[in-house]
Amino acid sequence: MNCFQLLQEYRSYTAVACNLAVSQITYPFVLVSRIMCINNSGLAAASPPYMIYYANWRDCWTNLKKTGELNRGSSMFWRVCHSLDRHNQRYNPPIDSYRKYASF
């Protein structure tokens, strides 16, 4: 192997490693933007009790961070399975947070 072939091989590995690193850093922003796209859209899945109404993206970010779900779905191989009790606590916030944005 000459030096040029070795350099080409290193470049391909570097590109894969950089792509992985950048996607891990930007994934929380992608998740929050996708959630905010359907926030208060009228879809049943984007309405209480399935999803909280968020005032802005920072509200969404802090809630996901507080519940430990800011990186949910980011890994193809390692999935986290929460217990049912923890799931119910996480997705059933107080009704006052719904009244702030709902029109009932």
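Residues: numbered from 1 along the sequence shown.
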Linked, directly or transitively: Leu64 and Trp57 (ILVMFWY side chains, under 4.5 Å): yes
Is the distance between the ring centroids of Trp61 and Tyr54 less than 6.0 Å? no
Non-neighbouring partners of Arg11 that pass side chain to side chain contact (heavy atoms under 4.5 Å, CB included), sequence neighbours left out: Leu7, Gln8
Cluster check Leu70, Phe29: I/L/V/M/F/W/Y, side chain < 4.5 angstrom: yes
Minimal heavy-atom distance between Ser47 and Tyr53, with the atoms involved, is OG-OH, 3.6 Å
Derivation of the side-chain contact (heavy atoms from CB on, under 4.5 Å) call for Met51 and Ile38: CA-CA 10 Å; Met51 192 170 155; Ile38 64 166; 4.0 Å; yes
With sequence neighbours left out, the residues meeting side chain to side chain contact (heavy atoms under 4.5 Å, CB included) with Thr62 are Asp59
Taking atom NZ of Lys65 and atom CZ of Arg58, what is their separation to the nearest 0.5 Å? 15.0 Å
So, taking the atom named CG in Asn39 and the one named OG in Ser41, what distance separates them when rounded to the nearest 0.5 Å? 8.0 Å
Residues that Tyr27 engages under side chain to side chain contact (heavy atoms under 4.5 Å, CB included), provided they are two or more places apart: Leu31, Asn71, Ser74
